Colleague: 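Quick one: this structure, given as structure tokens, is what I'll be asking you about.
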Amino acid sequence: MEVTLAHPLGIVEVAEGSVTGTTIDVASTTVALTATGSAVTELHRTWWVDGDLLRYQLSMGMREVPLARHLTGQLRRVTS
């Protein structure tokens, strides 16, 4: 799987990874920055389905800061 994202922080992320069962896992292969872009050096994203939940985790590395979990979230399926 390939993902390309342009962020409003002056970052463009190119990532590659895989889909295994209900999990998508991608890691950046390239991070490009504008002159005023955040000092991000690497990103790793995982999405997975767990019943009625779509879970998400983002890990980020920055200059002088190693890759570490940055945020997590989840969306719950709502039926009417």
Side-chain angles (χ1 to χ4, degrees):
M1 157 169 257
E2 298 172 348
V3 177
T4 303
L5 299 169
H7 302 266
L9 303 171
I11 301 167
V12 174
E13 167 189 0
V14 177
E16 296 179 15
S18 61
V19 178
T20 306
T22 60
T23 302
I24 298 172
D25 192 55
V26 297
S28 60
T29 56
T30 302
V31 176
L33 307 174
T34 64
T36 58
S38 294
V40 175
T41 57
E42 61 182 315
L43 295 152
H44 181 255
R45 298 171 186 277
T46 304
W47 297 270
W48 65 98
V49 176
D50 183 9
D52 283 342
L53 292 177
L54 172 63
R55 297 180 187 268
Y56 176 81
Q57 181 172 304
L58 170 66
S59 296
M60 181 170 42
M62 299 181 75
R63 283 185 227 129
E64 301 179 21
V65 179
L67 186 68
R69 184 169 47 199
H70 179 65
L71 62 88
T72 61
Q74 64 182 27
L75 299 170
R76 181 175 303 280
R77 183 187 320 249
V78 176
T79 57
S80 6

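The analysis underlying the following values was restricted to heavy atoms, covering all of them including side chains, and did not include hydrogens, waters or symmetry mates. Since the model is a prediction, treat every value here as computed from it, not as a measurement.
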Colleague: Roughly how far apart are His7 NE2 and Thr34 OG1, rounded to 0.5 Å?
Modeller: 12.0 Å
Colleague: Check Leu33 against Ala39 and note the closest heavy-atom contact, atom names and distance.
Modeller: CD1-CA, 4.4 Å
Colleague: Just jot down the side chain to side chain donor-acceptor pair (under 3.5 Å) partners of Thr46, sequence neighbours excluded, or say none.
Modeller: Asp25
Colleague: Group every Ile, Leu, Val, Met, Phe, Trp and Tyr by side-chain heavy-atom contacts under 4.5 Å, then state whether Val19 and Leu5 land in the same group.
Modeller: yes
Colleague: Which distance, rounded to the nearest 0.5 Å, do you find between the CG of Leu43 and the CD1 of Ile11?
Modeller: 6.5 Å
Colleague: Applying ring-ring contact (aromatic ring centres under 6.0 Å, His included), which residue pairs with at least one partner in residues 16-43 are found, sequence neighbours left out?
Modeller: none
Colleague: Strictly distance-based, threshold 3.5 Å: is any side-chain N or O of Thr23 a donor or acceptor partner for the main-chain N or O of Trp48?
Modeller: no
Colleague: With sequence neighbours excluded, tell me which residues meet side-chain contact (heavy atoms from CB on, under 4.5 Å) with Thr22.
Modeller: Val49
Colleague: Filter on salt bridge (charged side-chain N to carboxylate O under 4.0 Å, His left out), then keep only pairs touching residues 27-38, sequence neighbours left out; what's left?
Modeller: none
Colleague: Please list all pairs passing the salt bridge (charged side-chain N to carboxylate O under 4.0 Å, His left out) test where one or both residues lie in residues 35-44, with sequence neighbours left out.
Modeller: none
Colleague: Side chains of residues 56-80: which donor-acceptor pairs under 3.5 Å do they make with residues two or more places apart or in other chains?
Modeller:
residue, atom, partner, partner atom, Å
Tyr56, OH, Arg45, NH1, 2.3
Gln74, OE1, Arg55, NH1, 2.8
Arg77, NE, Asp52, OD1, 3.4

Colleague: Report whether Val3 and Val14 are members of the same hydrophobic cluster (ILVMFWY, side-chain heavy atoms less than 4.5 Å apart, transitive linking).
Modeller: no
